[in-house]
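Worth saying up front: this structure is predicted, and the values here are computed from it rather than measured. Index from 1, following the sequence.
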Amino acid sequence: MSWQMALEYLRTLIWPAVVLILGFTFRRQLGSLFGRVESVETPLGTVAFEKQADAVAQEAAEIESEMTGQLAAAGTPQPEAEDTESPENPFGEPQSIARPGGLNSDFSDLFELAETETTAAVMAAWREVERALKVTGSKHGIARVSSPTLANMGLLSHELARSVDDLRHLRNRVVHEGDILLTKSGARSYITGAQRIVEALELSQDPRFRALQYERSVVDALGRAGLHTEAGLRDDEFDAYGQTPSGTMIAVEIRFRRRGTLQMRDIEKVVSKLPSLTTNVLIVTNAPLSEEVHEFNRTYDAGPRCEVVQWQGDEDTSLLVRAIGRLAG
């Protein structure tokens, strides 16, 4: 082998050898560097955050749109005037759906803040969601508010509760985990998601929507209580109709009240129909029964039979079971 060929081999091998020597000599420093590189905020994490925030905003917007559509399809009228006895909220509740014409001042400010302080804007947007949750809970005497608690009480849908939890998780990634580089567009996506959730929360507390949700909850509960029930049509005489396993038909009237107790005058129209009916009637309400209504339950013995039951959740389903049994017996 000539000396020229030997020199070429040496030139080829010298740089790998240098790299190995340097790598062995500075292995600790290089290991630390590689560790830092693995924890660097990457564009991939940034893109994932923005897409997740967009998905939350889209889901919340769809939930809000569906809620509005349900109200329109049901043709739910404005709630009738009610007594102020034992109000849920001493300051009252809105009688109509507040439809934002644009961004409210708080969220407008947050979009501006996102141009300079992305993390602060995200934290402030989450605080707006927390505030909306607390307002919802305070109307119903709930001290420690969480989205699962409100969902279990029927005060917001489980789908909306999941959107709230998703937004909370994204906020925690920004504040605690630090695994993303928060961009302006990512912050704007997050704020949009927060705004949509707040609007859906406000809509969920509209008296008409709450009445509609209560009716659906009652129909489901009657099914669990052994009465196969279907909601009535808009022009039907009653809100729902059910059939027991033995074949007994029962008409169901559902009365949702925002506040106060259920009085006899609230069910006079139903009671006046009884002589002309061929089916027994079950009246279900979320409100406490007045003494007059309790007396009606104890003393009414004409046909067809009629009974009034307070149902506020699954813990009251046993009351439905007993009432159905008496009406079917």
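- Taking the side chain as every heavy atom from C-beta outward, T261 and L289 never approach each other to under 4.5 Å.
- Within a 6.0 Å radius of CZ in R298, more than 12 heavy atoms belonging to other residues, nucleotides or ligands are found.
- A salt bridge is absent between E268 and R265; no separation between the charged side-chain nitrogens and carboxylate oxygens falls under 4.0 Å.
- For the pairing with L282, the side-chain contact (heavy atoms from CB on, under 4.5 Å) check across V308, L222, I254 returns one residue only, L222.
- Using a 4.0 Å cut-off between charged side-chain N and carboxylate O, R127 and E130 make no salt bridge.
- Salt bridge status for E307 with R326: present, with a side-chain N to carboxylate O gap under 4.0 Å.
- More than 12 heavy atoms of other residues, nucleotides or ligands sit less than 6.0 Å from atom CD of E115.
- Rounded to the nearest 0.5 angstrom, I283 CD1 and R255 CZ are separated by 7.0 Å.
- Both tests do not hold together for K184 against F111: distance to the six-membered ring centre under 6.0 Å, angle to the ring axis within 45°.
- Two residues are said to be in side-chain contact when any heavy atoms from C-beta on lie closer than 4.5 Å; P288 and L262 fail this criterion.
- Screening V219, L212, V218 for a side-chain contact (heavy atoms from CB on, under 4.5 Å) with R216, the sole residue that qualifies is L212.
- With W311 as reference, T317 is the one residue of T285, N286, T317 to meet the side-chain contact (heavy atoms from CB on, under 4.5 Å) rule.
- A salt bridge between D165 and R168 is present, with a side-chain N of the basic residue lying under 4.0 Å from a carboxylate O of the acidic one.
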